[in-house]
Amino acid sequence: MARTLLVGAEIACPTSAGAATSFTQATVVRLVNTDSSAHKVTLLEEQSGAGIGSMTMPAGSVEYLEKKPNQVIFAADAGVLGANVGYTA
């Protein structure tokens, strides 16, 4: 059974493209929406760069987002938290 390996501290996702973060060059980010409303999460090539994609996270949901190390994430609300994680066997 795979387990989650914590690689970095959990932080509130930035709320603008110019402040988007790579979560210290993470390749997997655990996202949790702690808010009571759904919020959009966006993946970019770089800060203020081209958009790759986005998704809406329902209230209370958890997602594991796989990305390239230099790609960055921001959310529509700081109630979306993220942490750099990995998997162990």
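The basis for the numbers below is simple: all heavy atoms, side chains too, and nothing from hydrogens, waters or symmetry mates. All of these numbers come straight from a predicted model, not from anything done at the bench. All residue numbers refer to positions in the sequence shown, counting from 1.
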Can you check whether L65 reaches I73 side chain to side chain, under 4.5 Å on heavy atoms? yes
Applying salt bridge (Lys or Arg N to Asp or Glu O under 4.0 Å) as the test, list every pair that has at least one member in residues 7-31; sequence neighbours left out. E10-R30
Just by distance, do the side chain of T56 and the backbone of H39 share a donor-acceptor pair under 3.5 Å? no
State, to 0.1 Å, how close C13 and A75 come at their nearest heavy-atom pair, and which atoms those are. CB-CB, 3.7 Å
Side-chain heavy atoms under 4.5 angstrom apart, residues restricted to Ile, Leu, Val, Met, Phe, Trp, Tyr: same cluster for L5 and Y87? no
Indicate if F23 and V41 have the same hydrophobic cluster label, given that clusters are the connected sets of ILVMFWY residues with side-chain heavy-atom separations under 4.5 angstrom. yes
Only pairs at least two apart or in different chains count here, so list each salt bridge (Lys or Arg N to Asp or Glu O under 4.0 Å) that has a residue in residues 59-87. none
Do V32 and I11 belong together in a cluster built from hydrophobic side chains that touch within less than 4.5 Å? no
Supply the atom-to-atom distance Q25 CD to Q71 CD, rounded to the nearest 0.5 angstrom. 10.5 Å
N33 side-chain N/O to M57 backbone N/O, donor-acceptor pair under 3.5 Å: yes
State, to 0.1 Å, how close G79 and T34 come at their nearest heavy-atom pair, and which atoms those are. O-OG1, 2.6 Å
Show, in sequence, the C-alpha distance, side-chain angles and deciding distance for L43 and F74, and conclude whether the side chain to side chain contact (heavy atoms under 4.5 Å, CB included) test is met. CA-CA 7 Å; L43 180 65; F74 75 97; over 6 Å; no
Quick one: do V29 and N84 satisfy side chain to side chain contact (heavy atoms under 4.5 Å, CB included)? Show the steps, please. CA-CA 5 Å; V29 178; N84 183 352; 5.7 Å; no
Worked check of side chain to side chain contact (heavy atoms under 4.5 Å, CB included) between L81 and L31: CA-CA 6 Å; L81 307 178; L31 298 166; over 6 Å; no
Which atoms form the tightest heavy-atom contact between A12 and A78, and what is the distance? CB-O, 3.5 Å
Pair E45-I52, side chain to side chain contact (heavy atoms under 4.5 Å, CB included): steps then yes or no: CA-CA 7 Å; E45 286 291 347; I52 296 170; 3.5 Å; yes
Least distance between heavy atoms, A20 atom then V72 atom: CB-CG2, 3.5 Å
When every non-hydrogen atom of P58 is compared with those of S61, the smallest separation belongs to O-OG, 2.7 Å
Which atom of V7 lies closest to which atom of G86, heavy atoms considered: CG2-N, 3.9 Å
